[in-house]
Amino acid sequence: MSIIQTIRIFIFYLCLGGSALLWCSLSFFVAPFLPFKQRYRFINVYWCRFALLLVRSILGIKVKVSGQEHVPETPCVIISNHQSTWETFFLSAYFSPLSQVLKRELLYVPFFGWAMAMLRPIAIDRDNPKAALNHIAKKGDELLKDKVWVLIFPEGTRVPYGKVGKFTRGG
């Protein structure tokens with residue numbers, strides 16, 4: 001990796017971390033007073049679009065989406081590979097409002113987790129797979145009935161590009 005790439009990556013993460021701290025702090029005071037769909041847009045869509053702007057402008061990564069005509073108009077379950085943070089930004093901005101299946105511990109991360117908790121996530125205990133599966137099914141059904149997209153990464157964690165992890169039953 002060249003020194004220029006290293007500097008660009010450092011600047012990207014500095015801007016991303018700073019914006020997350022600022023945006024999540026602001027969201028903590030503003031978002032509780034908004035209805036869910038507006039809260040989702042305020043917390044997630046605007047920040048994720050900003051993160052994608054950083055990806056494009058600092059890292060020079062451009063995105064081309066094909067196959068949009070195959071995406072249903074009504075919310076459904078989205079099953080995605082989890083290879084980086086990028087797809088989380090993209091999918092959260094593209095499908096709105098969206099609820100993610102995530103490990104419960106993420107909600108305890110200061111600022112970020114607190115903001116995520118306001119987005120009606122499906123927070124699961126990965127140490128209890130049977131209860132987690134029941135929780136995903138019950139809460140996922142409720143969210144779909146409320147016209148909220150549901151995102152799940154069935155491998156349960158990030159998997160390097162080109163690799164396939166073990167798929168959980170949640171998806």
Side-chain angles (χ1 to χ4, degrees), residues 12-56 58-59 61 63 71 75-129 131-159 165 167-171:
F12 168 75
Y13 279 113
L14 189 65
C15 292
L16 184 67
S19 69
L21 180 62
L22 178 69
W23 199 254
C24 291
S25 298
L26 179 63
S27 295
F28 190 68
F29 294 103
V30 174
F33 303 104
L34 300 173
F36 175 70
K37 290 186 180 183
Q38 290 175 335
R39 181 180 339 139
Y40 181 85
R41 183 169 283 115
F42 182 81
I43 293 174
N44 218 14
V45 173
Y46 297 147
W47 184 72
C48 286
R49 285 182 182 166
F50 178 74
L52 292 169
L53 176 72
L54 291 176
V55 166
R56 186 174 53 249
I58 296 173
L59 301 177
I61 298 172
V63 177
V71 175
C76 62
V77 177
I78 303 157
I79 299 176
S80 176
N81 284 348
H82 196 14
Q83 298 173 341
S84 71
T85 307
W86 179 86
E87 71 268 355
T88 308
F89 296 145
F90 177 78
L91 294 171
S92 294
Y94 188 85
F95 297 101
S96 177
L98 174 128
S99 178
Q100 293 186 38
V101 176
L102 49 82
K103 57 186 172 185
R104 176 179 64 194
E105 295 80 15
L106 286 176
L107 300 180
Y108 304 131
V109 175
F111 303 102
F112 174 79
W114 304 338
M116 283 293 293
M118 290 189 273
L119 299 177
R120 297 173 62 187
I122 302 175
I124 60 168
D125 177 5
R126 295 197 318 185
D127 293 332
N128 189 345
L133 187 58
N134 289 335
H135 185 60
I136 291 169
K138 182 178 183 241
K139 186 138 187 207
D141 185 54
E142 291 171 9
L143 289 162
L144 290 170
K145 286 177 181 170
D146 286 345
K147 300 193 182 325
V148 176
W149 299 85
V150 176
L151 171 63
I152 187 165
F153 298 107
E155 292 162 301
T157 190
R158 290 190 190 128
V159 176
F167 284 71
T168 62
R169 287 182 244 166

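Just the heavy atoms: all of them, side chains too, but no hydrogens, waters or symmetry mates, feed the values below.
Taking CD from Glu87 and CD1 from Ile78, the interatomic distance works out to 12.0 Å, rounded to the nearest 0.5 Å. Taking CG from Leu91 and OG from Ser96, the interatomic distance works out to 12.5 Å, rounded to the nearest 0.5 Å. The structure places CG of Asp141 at 4.0 Å from NZ of Lys145, a figure rounded to the nearest 0.5 Å. To the nearest 0.5 Å, the span separating CH2 on Trp149 from OG on Ser99 amounts to 13.5 Å. Here CD1 of Ile124 is found 11.5 Å from CG of Asn134. Values are rounded to the nearest 0.5 Å. Taking OG from Ser19 and CG from Leu26, the interatomic distance works out to 12.0 Å, rounded to the nearest 0.5 Å.
The side-chain contact (heavy atoms from CB on, under 4.5 Å) test with Met116 is passed by exactly one of Leu106, Ile43, Leu102: Leu102.
Ring pair Phe42/Trp23: centre-to-centre distance below 6.0 Å.
Considering every non-hydrogen atom in both Pro97 and Phe36, the closest pair reads CB-CE2, 3.7 Å. Nearest heavy atoms, Phe111 versus Ser25: CD2-OG, 3.3 Å. Nearest heavy atom pair, residue Val45 against residue Ser92, reads CG2-O, 3.9 Å. The two atoms that bring Gly140 and Val150 nearest to each other are O-CG2, 4.0 Å, heavy atoms only. Ser80 approaches Pro154 most closely through the heavy-atom pair O-CD, 3.3 Å.
Considering only heavy atoms from C-beta on, Tyr40 stays 4.5 Å or farther from Val148 through its side chain. Looking only at side-chain heavy atoms (C-beta outward), Glu105 and Arg126 stay at 4.5 Å or farther from each other. Using a 4.5 Å heavy-atom threshold, the side chains of Val55 and Val63 count as separate.
Between Trp47 and Phe89, the ring-plane angle classifies as perpendicular under the 30° and 60° cut-offs. Taking the six-membered ring where the residue is Trp, Phe90 and Tyr94 present parallel rings, their angle staying beneath 30° rather than reaching 60°.
Side-chain N or O atoms of Arg39 include one that pairs as donor or acceptor with a backbone N or O of Met118 at under 3.5 Å. Using a distance-only test at 3.5 Å, with no hydrogens or angles considered, a donor-acceptor pair links the side chain of Lys139 to the main chain of Pro121. Checked by atom type and distance alone, the side chain of Arg104 never pairs as donor or acceptor with a backbone atom of Asp125 at under 3.5 Å.
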Residues Phe50, Leu16; criterion side chain to side chain contact (heavy atoms under 4.5 Å, CB included); working and verdict: CA-CA 9 Å; Phe50 178 74; Leu16 184 67; over 6 Å; no

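Within 6.0 Å of CZ on Phe112 lie no more than 12 heavy atoms contributed by other residues, nucleotides or ligands.
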